[in-house]
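This one's a predicted model, so the numbers in the text were calculated from it and none came from an experiment.
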Amino acid sequence: MEIKKYFLDKIPVAFIFLVLSGLLSGILFQSCENDDDDVTSSHATPVVRYIRLTESEKSDSLVTHAFMGNTIAIIGENLGAVVEIWFNDQEAILNNSFITNTSIVVTIPNEIPEIVTNEIRLVTKGEVESTHPFGVDVPAPMVASMLCEYVEDGNNALIRGNFFLDDPNKPLQVFFPGNLEAEIKSVTINEIVVTVPEGAGVGPITVKSLYGSSRSSFYFRDDRNFILDWDNLTAAGGWRSGKIGNSNPDPIDGNYVRFQGDMPADASSKWDEDSFSFNLWNQANGRSDEPFYSGDLSKAVLKFECYVVEPWKSAALQMIFTPYSTTGTNSYLADTNVPRALWTPWTETGSYQTEGWTTVSIPLSNFKYTHEGQTSANSLTNDMLGGLTFFVWHGGLTGEDCTIHMCIDNIRVVPQ
């Protein structure tokens, strides 16, 4: 302590002042230099030398156009001060983490341009602009799903997807199986309402636009790999074969199974197999021991048509595959080692009801839960696909007291 005090006492005050003044001048000078650099760069014209895709296998490929939604790398000079990039009349979202003075990584906007310039326009924070030729490709229509895959001839059907563009010079077209063109009632970028043509068959739907043609991966009126249709394929032999109906509501085609009754907010407290379940045990039903599906389960879905007649506000629709050997027991319903899927669309808004029949699609990869909504220790395998039980119960959810009235038809497993 004495040595430190000695040296501090001996240092002239003028010298300390001189040192501090020099440090402060350096900081101020450096700050001014940075400001000058910013001004210079923001007023320098951005230059684009070339553009490439960001995928590693395509990184050496230069491009002059790309599809909406693609991510590209713009390579050039004076790019560090760019704050806006426009593709035609659509502004892209920029991330400063992907901007340097020589490169910008940006995703092409997914919005259809109204004014097509076939240029990229770059704007710096100093409001200096430059353009570079670049075309944005619009994809062919993408046909994702239908509200209901079973619609009678002459009735309206809703098709969902993207890039449904109705150009005056080349109107949008929709073709049903049998190459039958449908009458289009309305079009948005994501939805088409059409009248199903007379004589429509089974198979994919095709949508054509100015930008190309695409077929659906799903089948209209899909008749592949039915498990239950309640007409020819029933759950007879199970302890509960399901309560069958064909009116109120009107059917899609013939009979359907009906779940109906009161459900409390705490769905775990309600156990009513008679009103809310069926058990298909293939052995007891007289079917073969072949599994319902032998393909890749990660690329398959369980589908069915459903009509939710009254607002559904509690419980899960539990879907449980059981091995061929399972019969004469319901112990698997509450067995946490048995993976199942839980359909709970009411949780999104607190209530769920349909205006008619709708197609439900559950990926088989979603068969991974316990009856309480936890993750099961086991995964679904093909040899488990020898029986099927639906049961409205539990799910680890608390909703509101409600009356459930749900009808189901045409249960099938098909490729995704």
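Scanning both residues, A66 and I108, for their nearest heavy atoms gives CB-CD1, 3.7 Å. Across all non-hydrogen atoms, the minimal contact from M319 to F367 is O-CE2, 3.1 Å. Of all the heavy atoms in C306 and V308, the pair that sits closest is SG-CG2, 3.8 Å. Heavy-atom minimum distance, N248 versus H405: O-CE1, 3.7 Å.
Considering only heavy atoms from C-beta on, L158 comes within 4.5 Å of E191 through its side chain. Between F276 and M263 there is a side-chain heavy-atom pair separated by less than 4.5 Å. The shortest side-chain heavy-atom distance between P323 and D383 does not fall under the 4.5 Å cut-off. Put simply, the side chain of T131 does not reach to within 4.5 Å of the side chain of I120, judged on heavy atoms. In this structure, Y324 and S288 have side chains that are not in contact, with every pair of non-hydrogen atoms separated by 4.5 Å or more. Between V301 and I362, the closest side-chain pair of non-hydrogen atoms is not below 4.5 Å. Two residues are said to be in side-chain contact when any heavy atoms from C-beta on lie closer than 4.5 Å; F218 and M146 meet this criterion. Within the 4.5 Å cutoff, no side-chain heavy atoms of D166 are placed close to those of F164.
Under a cutoff of 6.0 Å and an axis angle of 45°, R340 and F321 do not form a cation-pi pair. The side-chain tip of K208 points at the ring of F175 from less than 6.0 angstrom away and within 45° of straight on.
Between H394 and H371, the two ring planes are perpendicular [angle over 60°; tilted spans 30° to 60°].
For the side-chain hydrogen bond (donor to acceptor under 3.5 Å, both in side chains) test, residues two or more places apart in sequence or in another chain that qualify with D231 are N255.
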Practice item. Walk me through it: do N88 and E119 pass the test side chain to side chain donor-acceptor pair (under 3.5 Å)? Key: CA-CA 6 Å; N88 298 306; E119 288 182 332; over 6 Å; no

Point to revise | Worked verdict on L165 versus V138 for side-chain contact (heavy atoms from CB on, under 4.5 Å) | key: CA-CA 10 Å; L165 301 175; V138 179; 3.4 Å; yes

Check your understanding: Where do D266 and S268 land on the side chain to side chain donor-acceptor pair (under 3.5 Å) test, with the steps shown first?
Key -> CA-CA 6 Å; D266 179 7; S268 66; 2.6 Å; yes

Practice item. Please lay out, stage by stage, how W357 and Y256 fare under the test ring-ring contact (aromatic ring centres under 6.0 Å, His included). Key: CA-CA 11 Å; W357 289 95; Y256 51 76; 5.5 Å; yes

Practice item. Check the pair L342, L317 against side-chain contact (heavy atoms from CB on, under 4.5 Å), reporting the backbone distance first and the verdict last. Key: CA-CA 6 Å; L342 306 175; L317 174 59; over 6 Å; no

Point to revise | I51 vs I75, side-chain contact (heavy atoms from CB on, under 4.5 Å): CA-CA, chis, key distance, verdict | key: CA-CA 6 Å; I51 297 173; I75 310 300; over 6 Å; no

Exercise for review: Tell me, with the steps shown, if I159 and V194 meet side-chain contact (heavy atoms from CB on, under 4.5 Å).
Suggested key: CA-CA 8 Å; I159 301 169; V194 298; 4.2 Å; yes

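Here F278 and F390 bring their ring centres to under 6.0 angstrom of each other. W271 and F391 have their aromatic ring centers within a separation under 6.0 angstrom.
With respect to D153 and R221, a salt bridge is recorded, a charged nitrogen being found less than 4.0 Å from a carboxylate O. Contact check on R121 versus E84 returns no salt bridge, with no Lys/Arg side-chain nitrogen under 4.0 Å from an Asp/Glu carboxylate oxygen.
Side chain of E183 to main chain of T195: no donor-acceptor pair is present (N/O by atom type, distance under 3.5 Å, no hydrogens or angles). The backbone N or O of S314 lies less than 3.5 Å from a partner atom in the side chain of W312, making a donor-acceptor pair. In this structure, N382 contributes its side chain and G295 its backbone to a donor-acceptor pair below 3.5 Å. The backbone N or O of V128 sits less than 3.5 Å from a side-chain atom of T124, completing a donor-acceptor pair. No side-chain donor-acceptor contact under 3.5 Å links N285 to the backbone of L280.
With E149 as the fixed residue, the side-chain contact (heavy atoms from CB on, under 4.5 Å) test singles out one of V202, I205, D222: D222. Only one option out of S214, S213, S209 pairs with Y211 in a side-chain contact (heavy atoms from CB on, under 4.5 Å); it is S209.
Taken from CG in N279 to CD1 in I320, the straight-line distance is 9.0 Å, to the nearest 0.5 Å.
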